[in-house]
Chemist: 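Take this structure, written in structure tokens, and hold onto it; I'll ask about it next.
If you read the sequence from its start, that first residue is 1, and numbering goes on from there. Model, not experiment: these values are computed from the prediction. First listed ligand is number 1; within each ligand, the first listed atom is number 1.
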Amino acid sequence: MIAESKCWTSEKPVGMDHPIYMPYSVSNGVPQESKLNTYMSRQSTSTPLGTNNLSQTFAKINLDSPLSSKKVMPQSPEFIPGSRVINSSNSASPNLFSSFPVIGQQTSYPRIVDSPHSGTMSPHITPQPSPPPNINNCSPIPGLEKPTVATYQENVGGTTYFYPTSADNSHNTSETMNSLNSSIASSYQVYPGTPSHVNTLKSKGGSSAFFISDDTRVEILNRNALTLLQADPDQFSELPHEVDNYHDLYPLEPILIHKAHIGYQASMYKATHIKTGMRYCLRRIHGFRLQNTKFMTYVEMWKKLVHSNIVQLKEVFTTKTFGDNSMVFVYDYHPGSETLLNKHFSPDQLNGYSDPFASDPTTPRPYSHQKNNILRHAQSNKLPEPLIWNYIIQLTSALRIIHAANLACRSLDPTKIIITSGHRLRLSCLGVMDVIMTDNATVTEHYQQEDLTALGKLVLAIACKSTMAVQHTNIATAIEIVTRTYTQDLRNLIMYLLSNRRRTLADLMPMIGARFYTQLDNIQSRTDVMENEVSKEMENGRLFRLMVKLGTINERPEFNLDGTWSETGDRYMLKLFRDYVFHQVMDDGRPWLDMAHVIQCLNKLDTGVPEKVCLMSRDEQSILVVSYAELKHCLEQSYDEILSASMSPDNVT
Ligand SMILES: Nc1ncnc2c1ncn2[C@@H]1O[C@H](COP(=O)(O)OP(=O)(O)OP(=O)(O)O)[C@@H](O)[C@H]1O
């Protein structure tokens with residue numbers, strides 16, 4: 001079948017039998033060798049819809065209907081062949097031709113070839129400024145942008161163009177109109193803009209209407225870059241190529257000869273699992289000889305523990321690959337994390353106090369420093385109390401499940417808590433003490449009480465921003481500082497944790513009290529913001545897949561030995577569509593760039609809406625009026641062709 005509405009006249013509307021209605025067919029008016037001809041041939045063979053009978057087609061047009069009898073506007077903007085003037089000011093009678101990217105340089109009127117599918121006419125073809133940002137990627141709801149018409153007529157410079165709508169379209173329109181009575185849904189997928197509740201939550205990080213916010217993007221990029229870092233073989237020549245099932249080792253800290261707080265020298269590496277390609281964090285305990293295998297029970301228990309505030313232990317193994325007897329603990333890798341010690345106790349945050357550990361690298365860390373001057377710490381440097389409570393909630397949350405699993409942390413220390421963005425804390429050294437300090441005599445209950453004491457010391461150190469606050473001789477002064485600086489509640493919690501009585505995590509809950517709600521609110525608000533970011537990227541991902549298909553088809557140099565494949569048949573239409581989406585120009589020939597136009601067009605293509613779009617050949621001699629539905633059909637069919645050829649060895653040429 002060929003076009004239903006392939007007609008133009010230089011007069012006002014006339015009857016259907018008027019000779020100026022010029023049906024186009026492959027053999028009538030279109031050069032056989034032209035690309036348009038190949039497209040039309042394709043229509044006549046493969047397109048299932050439509051009719052070639054003009055009389056039938058036009059019989060459907062009710063020229064007497066109020067809408068169809070719309071008068072030709074004598075004042076319609078004049079269409080001046082040879083001019084590049086695009087005039088779309090007449091909103092009552094949208095100037096179809098003015099809406100083409102470049103109309104100039106024409107010596108004859110373009111042919112109009114109507115697509116076999118029908119639908120509403122694309123209302124915005126002319127380069128137009130985007131709508132306001134919050135809706136700028138939304139298209140008008142089909143059926144609303146224009147009253148339902150049985151026929152569409154246009155007078156341009158004395159030339160009348162008719163676009164009959166088929167039964168199919170009227171069906172769609174009536175469906176749309178029916179749905180107006182109840183609800184109206186966009187007929188295609190689109191990101192509807194930032195919801196107002198998220199808009200009020202947004203941080204200063206800057207937001208984008210279409211893309212992920214700058215803050216989040218930078219953060220993710222940074223994390224990805226860290227994950228992909230590789231060690232320079234010249235610089236780290238001593239690193240083994242492979243350790244057990246891991247390779248691509250990258251040190252996470254300078255390898256210093258100091259004993260970690262566990263009493264052994266330890267070092268951390270990022271590594272990649274040989275089989276899965278996943279990144280992990282290896283904690284290597286240097287020079288450690290296993291005495292027995294009792295620790296395996298603990299390892300199995302730790303491996304089962306999953307919580308948002310702990311770094312999960314994956315496995316433990318011994319190795320001689322490093323040239324000694326090393327014990328390696330494998331954990332999840334959290335790129336971009338830093339220790340709580342670095343974050344809140346780094347030298348520049350200590351008002352000029354030097355790193356308490358720098359002088360003696362063999363001294364275990366961090367509470368062993370003997371100097372007693374850190375309490376001169378300025379109160380102006382204090383952390384906000386809500387942040388301290390935030391930390392308390394996260395740490396107690398982790399301890400709660402650890403203790404519930406009949407385990408103890410045994411490493412609640414500022415060097416063994418890592419922090420990532422959004423003040424997320426994780427306990428990072430779980431299970432190590434149970435393996436390297438197996439002590440059958442001491443019951444877990446004892447270590448759990450030690451955990452609570454360690455928590456009290458940690459909170460005190462954070463509140464005073466000093467690791468020395470927890471030294472026995474400084475504690476009284478440190479508590480005094482807390483009393484002066486923070487609420488009674490915080491002081492009470494520290495006092496409780498540092499007391500000699502038997503303590504439980506359950507007792508801490510009423511001390512935290514309604515602050516749980518604040519924490520919950522913060523997390524949920526953050527989830528809302530992140531969900532909005534995801535919804536933007538979801539749309540982008542969808543459009544990207546569409547672009548991949550278009551890119552795979554457009555300008556393909558050859559397919560199955562056919563050098564003209566991408567220029568003929570369905571592909572020709574897709575090429576013109578690509579021009580329409582991306583290559584439009586303004587009146588004076590400057591490129592017209594409008595992201596909203598691109599997104600809108602791609603969204604409509606993705607869904608295959610019945611709305612029509614006018615595609616102009618590059619020589620400006622032909623115009624195809626085609627629906628997005630048909631474009632989608634062409635896209636899918638052409639891509640499937642390539643896809644099946646890629647899978648079938650018979651098609652390899
Ligand atoms: N699971 C992890 N994922 C990513 N990085 C981690 C992980 N655990 C620790 N790190 C990082 O590795 C580095 C070293 O951690 P480590 O626990 O050894 O701290 P440390 O201050 O060197 O303690 P110690 O003196 O006891 O060795 C820190 O920068 C920390 O942020």
Side-chain angles (χ1 to χ4, degrees), residues 219-220 222-231 236 239 246 248-273 278-288 302-303 305-316 322 326-347 349-350 355-369 394 398 409-433 435-437 454 458 461 467:
E219 197 183 302
I220 293 173
N222 185 37
R223 276 211 297 263
N224 291 349
L226 289 169
T227 305
L228 295 172
L229 271 182
Q230 288 188 310
F236 299 105
L239 275 184
Y246 302 86
D248 205 8
L249 267 64
Y250 182 88
L252 289 176
E253 57 180 349
I255 300 178
L256 295 173
I257 318 268
H258 78 254
K259 284 185 189 164
H261 85 297
I262 48 178
Y264 289 88
Q265 187 186 345
S267 20
M268 300 286 282
Y269 308 89
K270 169 177 79 77
T272 307
H273 193 278
M278 286 190 198
R279 281 24 177 248
Y280 291 97
C281 184
L282 308 187
R283 184 182 292 278
R284 170 188 164 208
I285 312 294
H286 300 229
F288 179 77
W302 280 113
K303 277 165 64 179
L305 225 54
V306 183
H307 188 267
S308 55
N309 294 116
I310 71 171
V311 181
Q312 199 189 357
L313 178 67
K314 297 294 179 183
E315 62 169 319
V316 181
F322 290 101
S326 286
M327 184 101 195
V328 177
F329 293 78
V330 182
Y331 293 95
D332 282 334
Y333 173 61
H334 294 282
S337 58
E338 59 179 326
T339 64
L340 203 60
L341 186 81
N342 268 352
K343 177 84 180 169
H344 292 304
F345 304 93
S346 61
Q349 288 178 322
L350 289 173
D355 179 354
F357 312 110
S359 52
D360 180 6
T362 58
T363 308
R365 306 182 342 164
Y367 296 141
S368 57
H369 212 275
Q394 294 187 63
C409 170
R410 302 179 67 185
S411 56
L412 206 62
D413 174 296
T415 65
K416 296 293 163 277
I417 298 167
I418 56 171
I419 183 162
T420 43
S421 65
H423 301 294
R424 169 71 77 82
L425 297 187
R426 286 185 179 89
L427 306 184
S428 73
C429 188
L430 299 175
V432 174
M433 298 299 277
V435 175
I436 63 175
M437 292 190 182
L458 187 67
T467 51

Chemist: At less than 4.0 angstrom from any non-hydrogen atom of Thr415, what atoms of ligand 1 do you find?
Modeler: 17 (O), 19 (O), 21 (O), 23 (O)

Chemist: Evaluating non-hydrogen atoms only, which member of Val311, Asp332, Thr339 is closest to atom 30 (C) of ligand 1?
Modeler: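 The option holding the nearest heavy atom is Thr339.
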
Chemist: Counting only pairs under 3.5 Å, give me each side-chain donor-acceptor contact of residues 305-312, with atom names and distances, residues two or more places apart or in other chains.
Modeler:
| residue | atom | partner | partner atom | Å |
| --- | --- | --- | --- | --- |
| His307 | ND1 | Asn309 | N | 2.9 |
| His307 | NE2 | Ser397 | OG | 3.1 |
| Asn309 | ND2 | Gln394 | OE1 | 2.9 |
| Asn309 | ND2 | Leu425 | O | 2.9 |
| Gln312 | OE1 | Lys314 | NZ | 3.0 |
| Gln312 | NE2 | Lys303 | O | 2.7 |

Chemist: In ligand 1, which numbered atoms sit nearer than 4.0 Å to a non-hydrogen atom of Glu338?
Modeler: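 Per the distance check, 31 (O).
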
Chemist: Verify, without hydrogens or angle tests, whether Lys270 (side chain) and Leu229 (backbone) share a donor-acceptor contact under 3.5 angstrom.
Modeler: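 Yes, the answer is positive, given that a donor and an acceptor are paired below the 3.5 Å cut-off.
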
Chemist: Could you list the atoms of ligand 1 found under 4.0 angstrom from a heavy atom of Arg283?
Modeler: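 Heavy-atom distances to Arg283 below 4.0 Å select 16 (P), 17 (O), 18 (O).
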
Chemist: Heavy-atom contacts with Tyr333 under 4.0 Å: which atoms of ligand 1 show up? List them by number with element.
Modeler: 3 (N), 4 (C)

Chemist: Distance under 4.0 Å to a non-hydrogen atom of Glu253: what atoms of ligand 1 satisfy this?
Modeler: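 Listed by number with element, the hits are 14 (C), 18 (O), 20 (P), 22 (O).
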
Chemist: Given the ring of Phe322, does Arg284 sit roughly above its face, with NZ or CZ under 6.0 Å from the centre of the six-membered ring and within 45° of the axis?
Modeler: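 Yes - Arg284 lies over the ring of Phe322, closer than 6.0 Å to its centre and within 45° of its axis.
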
Chemist: Could you pull out, from Arg279, Lys270, Met268, Gln312, the option with a heavy atom nearest to atom 18 (O) of ligand 1?
Modeler: Met268

Chemist: Is it true that a side-chain atom of Tyr246 and a backbone atom of Cys281 form a donor plus acceptor pair closer than 3.5 Å?
Modeler: no

Chemist: Between Ser326 and His286 (side chain of the first, backbone of the second, donor and acceptor by atom type, cut-off under 3.5 Å), is there such a pair?
Modeler: no

Chemist: Polar-atom distance check: Ser428 versus ligand 1, any N or O pair below 3.5 Å?
Modeler: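 Checking ligand 1 against Ser428, no N or O pair falls under 3.5 Å apart.
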
Chemist: May I ask whether Ser337 has any heavy atom positioned less than 4.0 angstrom from an atom of ligand 1?
Modeler: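 The answer is yes: ligand 1 sits under 4.0 Å from a heavy atom of Ser337.
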
Chemist: Set out, in order, the CA-CA distance, both residues' side-chain angles and the distance that settles ring-ring contact (aromatic ring centres under 6.0 Å, His included) for Phe288 and Tyr264, then state yes or no.
Modeler: CA-CA 8 Å; Phe288 179 77; Tyr264 289 88; 5.3 Å; yes

